[in-house]
Amino acid sequence: MSATKSCLLLLTVCLATGPGLLNAADKAPVPVPSPAQAKPADKPPSDVLALPKMEVTAQRIKKLDKMIIKLDKMITREEKKVKSTELDKALNNA
């Protein structure tokens, strides 16, 4: 598999699994106004977007771990095949 294909595969896996790795319970800290500043809310704002809850099961984690191990092996194989030139080393400070 070429380096381009493995990079494309890695990008696809990252894009596909990235949203699933976010924790639905994490929320941004909300500043609490003092009682003198607090006003009762008349109606909820219309621009609030509620996202669906996502559960990450142990089975999905195991599948993702296996995919990560496969990708790591492919990356390691590709790194062994690639030889840096003197120009690459000079430009990348290697």
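These numbers come from the heavy atoms of this one structure, side chains and all, not from hydrogens, waters or symmetry mates. Please read these numbers as outputs of a predicted model, since none were measured by experiment.
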Suppose clustering is done on Ile, Leu, Val, Met, Phe, Trp and Tyr with side-chain heavy atoms closer than 4.5 Å. Which residues sit in the same group as Leu49? Leu51
Supply the atom-to-atom distance Lys63 NZ to Ile61 CD1, rounded to the nearest 0.5 angstrom. 11.0 Å
Point-to-point distance, once rounded to the nearest 0.5 Å, from CG of Leu64 to CD1 of Ile69: 11.0 Å
Which residues end up grouped with Ile68 if you chain together Ile, Leu, Val, Met, Phe, Trp and Tyr wherever their side-chain heavy atoms are less than 4.5 Å apart? none
So do the side chains of Arg77 and Lys73 get within less than 4.5 Å of each other, counting heavy atoms only? yes
Rounded distance (nearest 0.5 Å) linking atom NZ of Lys66 with atom NZ of Lys62: 8.0 Å
